[in-house]
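Residue indices begin at 1 and follow the sequence shown.
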Amino acid sequence: MIKLTYLPLAALLAAPAALLGADIVVNSNITSNRTWTKTNTYILDGRVFVTDGVTLTIEPGTVVKGKARAAQDASALVIARGGRINAAGTAAEPIVFTAEADNLNGNLGQNDRGLWGGVVILGRARTNTASGQGNIEGIPTTEPLGLYGGTDDADNSGVFRYVSIRHAGSLLGPNNELNGLTMGGVGAGTTIEYVEVFANADDGFEWFGGTVNGKYLVSAFNDDDAFDWDEGYRGKLQFLFTIQDPRVGNHAFESDGGTTPEDGQPYAIPTVYNYTAIGSGADSTNNLSIGPIFRDNTGGKVYNSIFHDFRGYAWRIETESAQREDSAKRLAAGDIVIGNNLFGTFGVGTTATALFLAPNATSGGPAPASNYTVAHITDAARQNRINTDPQFVAISRARDGQLDPRLRAGSPALQLAATPPNDGFFTATTYLGAFTTSGNWAYAWTKLGRDGYFSAASALSDPGAGSTVVVNAGSTTKLSNLSTRLTLVAGSTAFPGFFLNGTQTQTVMIRAVGPALAAFGVANVVADPVLELYSGQNKIGENDDWAGTQAAQLATQVGAFPLPAGSKDAVLLATLAPGAYTLQVRGKTGGGELIIEVYEID
């Protein structure tokens with residue numbers, strides 16, 4: 001007969017010491033294929049180029065840091081034309097680019113910007129400049145490896161997936177900056193998805209021409225524009241999320257068509273679906289917090305998106321009477337479409353003429369005859385809604401675990417979604433914005449999630465059985481104050497709790513085990529336990545009867561005894577911010593013996 005021994009749970013959760021790697025300084029160009037591994041930390045000292053014909057592979061979980069240097073020589077990783085980056089992280093093990101001063105324990109926050117350069121990807125896709133190529137911003141024009149552009153719109157610069165870029169940005173001069181992720185002439189063969197830029201000193205993302213597509217992009221607390229395109233960018237974008245700092249941040253989109261000349265072709269006409277853009281606050285002091293601007297002959301088509309809580313205007317489309325072509329003409333030609341979007345609260349007021357601007361940007365030029373921006377956006381056929389609360393679960397710009405950009409049940413953003421093209425890239429949705437009512441694709445791998453900005457509740461895609469949670473591997477946060485064994489009286493509820501002590505999010509598996517104890521000879525068990533998880537008064541998750549392969553696999557991983565398939569034991573999986581949590585455990589059909597287990601998952 002097997003004897004079940006109840007051990008102090010803390011003893012079961014002792015974690016092995018982390019394997020120690022080396023700090024490797026990289027201060028020269030990469031001229032042959034190379035792999036960076038997660039056991040080491042790579043420190044960029046100056047600009048490092050991956051040259052033509054060379055592939056740099058970066059393992060999931062790898063950390064790359066940039067050394068602080070003067071702006072004109074800022075540390076940066078640059079994938080030159082013909083070079084490739086194979087940075088395929090995972091939600092559990094994202095690839096992190098950050099400053100050398102970042103201890104990855106939360107010591108740097110949203111106000112720590114411009115501590116290194118950033119990441120630059122250059123390709124051979126077309127731009128609309130006169131020469132068809134140029135020197136990328138943020139790198140001196142004397143550097144030949146800084147060229148971008150060409151004739152191959154299908155050019156492939158590699159894979160950039162599940163990557164977080166933090167505390168970067170460098171200013172050489174006006175309109176000459178390194179962004180978090182700069183893309184020059186990058187072709188459609190390149191994969192850009194699940195990328196976060198956090199606390200950058202300039203724009204989060206900027207495209208200079210090219211055709212590369214992007215999906216699941218996060219621009220958080222950046223100093224200038226969230227997303228910026230120029231020089232004939234024609235890619236597709238879906239599932240974008242922006243949150244601005246209360247003090248800094250500029251456009252939700254800064255959209256420029258051309259530079260020299262402004263009427264160069266191909267015209268910039270990207271297509272965007274499902275953007276959630278949250279500004280600095282309609283009542284903030286940041287007068288630069290504004291919605292999209294379309295100028296310099298840009299086009300662009302934006303659908304199924306939410307723009308909310310900006311200090312300034314909601315959208316601006318410029319006339320430039322001194323130019324042969326301008327964005328007003330792109331609107332008239334059908335190259336600008338703003339449809340099926342929701343506009344919430346803006347500090348400029350509620351009238352259409354205050355929200356939607358149509359100025360002549362040419363100094364001294366005549367005012368347009370009518371406000372074409374108002375006419376377009378308020379046209380009933382466009383199905384845009386203004387002065388409409390999107391009903392997000394919660395907005396917070398502090399590191400308090402309260403930011404939850406999901407939609408509440410009954411949100412107006414759950415209606416009137418347009419169907420995107422069935423082209424193999426876009427995902428059809430029935431909602432506006434980057435998130436629906438359940439699940440947060442940005443939670444597990446971003447600094448917003450791992451450093452406790454996002455609400456833990458937002459990560460739960462399914463509060464019932466069988467939900468899959470992405471594990472935050474390698475978290476330094478640990479458990480304490482755990483309860484293990486309980487005897488429940490019928491009709492009563494137990495309230496055990498636990499505490500996550502640290503600065504990073506931690507994945508946990510919580511089990512309320514009654515029926516499975518019978519196999520160990522325990523009599524009078526709780527036949528059908530119900531498990532609820534709370535942070536303060538907020539219920540994060542609930543489970544009645546466990547299911548799913550993940551819970552079984554993780555039980556094996558941590559050495560927990562297996563639960564019989566189909567048993568009425570309860571299991572919750574969650575990735576949680578540091579802090580105190582309470583469980584509520586009851587029996588649906590009566591009382592008895594059960595144990596409560598809380599395991600850290602690494």
Does a side chain donor of either [X] or [Y] reach within less than 3.5 Å of an acceptor in the other side chain?
{"X": "Thr298", "Y": "Tyr233", "answer": "no"}
{"X": "Gln402", "Y": "Ser396", "answer": "no"}
{"X": "Glu231", "Y": "Asn128", "answer": "no"}

Residue pair [X] / [Y]: nearest heavy atoms and the distance that separates them:
{"X": "Ser219", "Y": "Gly204", "result": "OG-CA, 3.8 Å"}
{"X": "Glu320", "Y": "Asn297", "result": "OE2-N, 4.0 Å"}
{"X": "Arg397", "Y": "Ile243", "result": "CG-CD1, 4.0 Å"}
{"X": "Ala314", "Y": "Pro292", "result": "O-CD, 3.1 Å"}
{"X": "Tyr372", "Y": "Ile317", "result": "OH-O, 2.8 Å"}
{"X": "Met183", "Y": "Val212", "result": "SD-CG1, 4.2 Å"}

Parallel, tilted or perpendicular: which describes the rings of Phe198 and Phe221, with under 30° parallel and over 60° perpendicular?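 Geometry flag for Phe221 against Phe198: perpendicular rings.
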
Hey, could you give me each pair passing salt bridge (charged side-chain N to carboxylate O under 4.0 Å, His left out) that has a residue in [range]? Not counting sequence neighbours.
{"range": "residues 260-289", "result": "Asp263-Arg324"}
{"range": "residues 434-449", "result": "Lys447-Asp451"}
{"range": "residues 185-197", "result": "Arg161-Glu193"}

Do [X] and [Y] touch side chain to side chain, with heavy atoms closer than 4.5 Å?
{"X": "Phe208", "Y": "Thr182", "value": "yes"}
{"X": "Asp155", "Y": "Thr190", "value": "no"}
{"X": "His308", "Y": "Pro405", "value": "no"}
{"X": "Asn135", "Y": "Leu147", "value": "yes"}
{"X": "Val218", "Y": "Val197", "value": "no"}
{"X": "Thr319", "Y": "Pro368", "value": "yes"}

Evaluate the criterion side chain to side chain contact (heavy atoms under 4.5 Å, CB included) for residue pair Val78 and Val48; output intermediate values, then yes/no. CA-CA 6 Å; Val78 184; Val48 174; over 6 Å; no

Do the side chain of [X] and the main chain of [Y] share a donor and acceptor less than 3.5 angstrom apart?
{"X": "Ser411", "Y": "Pro390", "value": "yes"}
{"X": "Asp379", "Y": "Ala381", "value": "yes"}
{"X": "Gln244", "Y": "Ala220", "value": "no"}
{"X": "Thr276", "Y": "Gly433", "value": "no"}
{"X": "Asp203", "Y": "Phe205", "value": "no"}
{"X": "Arg311", "Y": "Ser284", "value": "yes"}
{"X": "Asp404", "Y": "Phe392", "value": "no"}
{"X": "Asp52", "Y": "Gly83", "value": "no"}
{"X": "Thr378", "Y": "Val374", "value": "yes"}
{"X": "Asp202", "Y": "Leu178", "value": "no"}

For residues 384-394, which residue pairs pass the side chain to side chain donor-acceptor pair (under 3.5 Å) check, not counting sequence neighbours?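 Listed once each, the pairs are Asn341-Asn384.
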
What's the spacing between [X] [atom1] and [Y] [atom2] if we round to 0.5 Å?
{"X": "Asn274", "Y": "Leu432", "atom1": "CG", "atom2": "CG", "result": "7.5 Å"}
{"X": "Ser75", "Y": "Phe97", "atom1": "OG", "atom2": "CZ", "result": "13.0 Å"}
{"X": "Asn250", "Y": "Asn286", "atom1": "CG", "atom2": "CG", "result": "8.0 Å"}
{"X": "Arg84", "Y": "Asn156", "atom1": "CZ", "atom2": "CG", "result": "4.0 Å"}
{"X": "Asn360", "Y": "Thr362", "atom1": "CG", "atom2": "OG1", "result": "4.5 Å"}
{"X": "Ile85", "Y": "Thr57", "atom1": "CD1", "atom2": "OG1", "result": "7.5 Å"}

Hey, could you give me each pair passing ring-ring contact (aromatic ring centres under 6.0 Å, His included) that has a residue in residues 241-264? Not counting sequence neighbours.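 For residues 241-264: Trp229-Phe253, Phe241-Phe435, Phe253-Tyr275.
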
Sequence neighbours left out, what passes salt bridge (charged side-chain N to carboxylate O under 4.0 Å, His left out) with Lys67? Give chain and number order. Glu100

Going through the checks in order, is the side chain to side chain donor-acceptor pair (under 3.5 Å) test met by Gln110 and Tyr453? CA-CA 10 Å; Gln110 67 200 68; Tyr453 290 88; 3.2 Å; yes

Among Phe307, Phe310, Phe346, Phe356, find the one that has a ring-ring contact (aromatic ring centres under 6.0 Å, His included) with Trp315. Phe307

Can you tell which of Thr211, Asp423, Thr271 makes a side chain to side chain donor-acceptor pair (under 3.5 Å) with Lys236?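 Only match with Lys236 under side chain to side chain donor-acceptor pair (under 3.5 Å): Asp423.
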
So Asn222 and Arg113, side chain to side chain contact (heavy atoms under 4.5 Å, CB included) or not? Walk me through it. CA-CA 8 Å; Asn222 296 311; Arg113 304 181 182 91; 5.8 Å; no

Between Asn440 and Ser458, does the side chain to side chain donor-acceptor pair (under 3.5 Å) criterion hold? Intermediate values first, please. CA-CA 6 Å; Asn440 178 352; Ser458 73; 3.0 Å; yes

For the pair Val302 and Val337, evaluate side chain to side chain contact (heavy atoms under 4.5 Å, CB included) and give the outcome as yes or no after the intermediate values. CA-CA 6 Å; Val302 181; Val337 179; over 6 Å; no

Under the criterion side chain to side chain contact (heavy atoms under 4.5 Å, CB included), I'd like the reasoning laid out for Arg330 against Glu325: C-alpha separation, chi angles, the key distance, then a yes or no. CA-CA 8 Å; Arg330 298 279 63 72; Glu325 298 286 344; 3.0 Å; yes

For Asp256 and Arg295, what are the C-alpha separation, side-chain angles and deciding distance, and is it a salt bridge (Lys or Arg N to Asp or Glu O under 4.0 Å)? CA-CA 5 Å; Asp256 300 284; Arg295 64 188 183 190; 2.6 Å; yes

Please identify which of these residues, Val195, Leu217, Asn200, meets the side-chain contact (heavy atoms from CB on, under 4.5 Å) condition with Leu181. Val195

